[in-house]
*Asks:* 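My structure is below; once you've seen it, I'll send some questions.
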Amino acid sequence: MFILWSKLTDKKKRLKLEQSFYLNADVCQVAQDLLGKVLFCKSDGVISGGMIVETEAYSEKEKACHAYNGRRTKRTSTLFERGGTSYVYLCYGMYHLFNVVTNVNGVAEAVLIRAVEPVQGVEYMVRRRNARRLTPQLTSGPGKLSIALGIGKEDNGLDLSGEKVWIEEWGISPSVTEFGQTTRVGVDYAGDDAQLPWRFILKGNPYISNKGK
DNA sequence: GCAATGATTTACT
DNA sequence: GTAAATCATTGCC
């Protein structure tokens, strides 16, 4: 039995997250707090958004992170930005993965948004994905949700307090029993750090990506 | 139903 | 050259 959280929402309460939310030094705490928040992207003049149901935390202190051990390249430089900045990078040459940079300027930590439940602009998301209707597979994965929301490489390094990409608080407060915490997906190469339970989900939500159980 | 595979950029060996 | 924070399609049980 699962619950569609967006159906329980009091949609009158909509607050854009403040920068202080992203400056938290505990990236895992931010990753869990982002569950139930709503990610928006304005693309081609239309706004689409989805409630975050799955996240993963990454830190320069562990091997799965692109900026492990303080590694700085053209790609990872965004990770060192101040919290509240977007980090979008190309994975496997095809998919743009969307992350939220956390912590203060100079410390590379980020939260990967792995899955969302569509709540606004659904018809545009369906069209971008070349689908016929809304199904769980529309946004149940980091590559999929970027296509659905229209997020691309041009959205890398943006300030999340701006008008292009941002996150809102809708008063959705999952109880402790609805949180799930497991190991991250696709990071086997990270050795012992692949065992870190840094993946956070809203238990039972149909839009969670399947892999890595 | 499932595993194997291709698409294609970035970064490191 | 190879592997990567992936996904859709193909082909074989």
Side-chain angles (χ1 to χ4, degrees), chain A residues 22 27-28 30-32 34-35 39 41 50 52-81 83 85-103 107-118 125-158 165 167 180-202 206-213:
Chain A
Y22 305 106
V27 65
C28 290
V30 178
Q32 179 163 304
L34 279 171
L35 296 176
L39 170 66
C41 178
I52 298 167
V53 300
E54 178 178 354
T55 62
E56 284 180 4
Y58 287 87
S59 164
E60 65 183 46
K61 300 181 197 64
E62 48 87 21
K63 300 194 197 77
C65 185
H66 292 150
Y68 171 58
N69 213 10
R71 183 176 50 189
R72 253 180 209 267
T73 65
K74 188 177 175 188
R75 182 175 71 165
T76 65
S77 63
T78 309
L79 278 168
F80 292 87
E81 295 285 317
T85 303
S86 66
Y87 171 50
V88 179
Y89 86 98
L90 195 61
C91 181
Y92 295 98
M94 303 193 93
Y95 298 102
H96 292 100
L97 271 55
F98 177 78
N99 300 247
V100 176
V101 176
T102 69
N103 215 325
V107 181
E109 293 189 332
V111 177
L112 168 67
I113 309 300
R114 286 194 58 85
V116 303
E117 173 184 328
M125 299 168 102
V126 169
R127 191 183 309 168
R128 286 196 197 93
R129 292 272 292 130
N130 286 322
R132 305 199 48 187
R133 62 193 173 83
L134 177 63
T135 60
Q137 61 208 27
L138 202 73
T139 53
S140 58
K144 300 178 194 177
L145 75 87
S146 294
I147 298 170
L149 292 173
I151 293 172
K153 63 179 189 300
E154 70 278 8
D155 297 310
N156 183 43
L158 295 183
V165 181
I167 300 174
Q181 192 172 358
T182 67
T183 52
R184 294 174 293 182
V185 177
V187 295
D188 294 344
Y189 60 91
D192 292 343
D193 289 332
Q195 302 304 314
L196 291 171
W198 283 13
R199 178 181 180 221
F200 302 87
I201 61 175
L202 284 183
Y207 290 88
I208 292 168
S209 68
N210 299 322
K211 289 167 56 184
K213 253 278 117 88

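So you know, we letter chains A, B, ... as the sequences are listed, proteins then strands, and number each from 1.
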*Asks:* Could you check how far NZ of K153(A) sits from C1' of dT6(C), rounded to whole Å?
*Replies:* 18 Å
*Asks:* With respect to the side chain of T73(A), which nucleotide from dC12(B), dC7(C), dT10(B) is positioned closest?
*Replies:* dC12(B)
*Asks:* Ignoring hydrogens and angles, write down the donor-acceptor pairs under 3.5 Å from the side chains of residues 65-72 of chain A, residues two or more places apart or on other chains.
*Replies:*
from: H66(A); atom 1: ND1; to: Y87(A); atom 2: OH; distance (Å): 3.0
from: R71(A); atom 1: NE; to: H66(A); atom 2: O; distance (Å): 2.9
from: R71(A); atom 1: NH2; to: H66(A); atom 2: O; distance (Å): 2.6

*Asks:* How does DNA chain B look in dot-bracket notation if pairs are Watson-Crick or G-U with both distances under 3.5 Å, crossing ones as [ ], other-strand ones as |?
*Replies:* |||||||.||||.
*Asks:* Could I get a table of every N or O pair under 3.5 Å where one atom is in the protein and the other is in nucleotides 4-8 of chain B?
*Replies:*
from: dT8(B); atom 1: O4'; to: G93(A); atom 2: O; distance (Å): 3.4
from: dT8(B); atom 1: O2; to: Y92(A); atom 2: O; distance (Å): 2.5
from: dT8(B); atom 1: O2; to: G93(A); atom 2: N; distance (Å): 3.4

*Asks:* Can you tell which of dT6(C), dA11(B), dA8(C) lies closest to the side chain of V185(A)?
*Replies:* dT6(C)
*Asks:* Would you mind writing out the side-chain donor-acceptor pairs for residues 139-149 of chain A within the sub-3.5 Å range, not counting sequence neighbours?
*Replies:*
from: T139(A); atom 1: OG1; to: V116(A); atom 2: O; distance (Å): 2.6
from: S140(A); atom 1: OG; to: P136(A); atom 2: O; distance (Å): 3.1
from: S140(A); atom 1: OG; to: K144(A); atom 2: NZ; distance (Å): 3.3
from: S146(A); atom 1: OG; to: H96(A); atom 2: O; distance (Å): 2.5
from: S146(A); atom 1: OG; to: P142(A); atom 2: O; distance (Å): 3.2

*Asks:* Taking NZ from K63(A) and P from dA11(B), how many angstroms apart are they, rounded to a whole number?
*Replies:* 21 Å
*Asks:* Might you list the N or O atoms of the protein lying below 3.5 Å from N or O atoms in nucleotides 10-12 of chain C, with each pair's distance?
*Replies:*
none

*Asks:* NE2 of H66(A) versus C1' of dA4(C): gap in Å, rounded?
*Replies:* 7 Å
*Asks:* Provide, to the nearest angstrom, the distance between the CG atom belonging to N156(A) and the P atom belonging to dT9(B).
*Replies:* 17 Å
*Asks:* Apply side chain to side chain contact (heavy atoms under 4.5 Å, CB included) to A31(A) and list each qualifying residue two or more places apart in sequence or on a separate chain.
*Replies:* T55(A), A57(A), V111(A), F200(A)
*Asks:* Please determine whether the number of non-hydrogen atoms from other residues, nucleotides or ligands lying under 6.0 Å from atom CD of Q181(A) exceeds 12.
*Replies:* yes
*Asks:* Once you round it to whole Å, what is the distance between C1' of dG1(B) and CG of N210(A)?
*Replies:* 14 Å
*Asks:* Between D188(A) (CG) and dA4(C) (P), how many Å, whole number?
*Replies:* 8 Å
*Asks:* Give the C-alpha distance, both sets of side-chain angles, the deciding distance and a yes or no for side-chain hydrogen bond (donor to acceptor under 3.5 Å, both in side chains) between S86(A) and D155(A).
*Replies:* CA-CA 7 Å; S86(A) 66; D155(A) 297 310; over 6 Å; no
*Asks:* Check the phosphate of dT6(C) against R114(A), side-chain N and O only, distance under 4.0 Å to OP1 or OP2. Yes or no?
*Replies:* yes
*Asks:* In terms of side-chain geometry, is the basic nitrogen of E56(A) or R184(A) positioned less than 4.0 Å from the acidic oxygen of its partner?
*Replies:* no
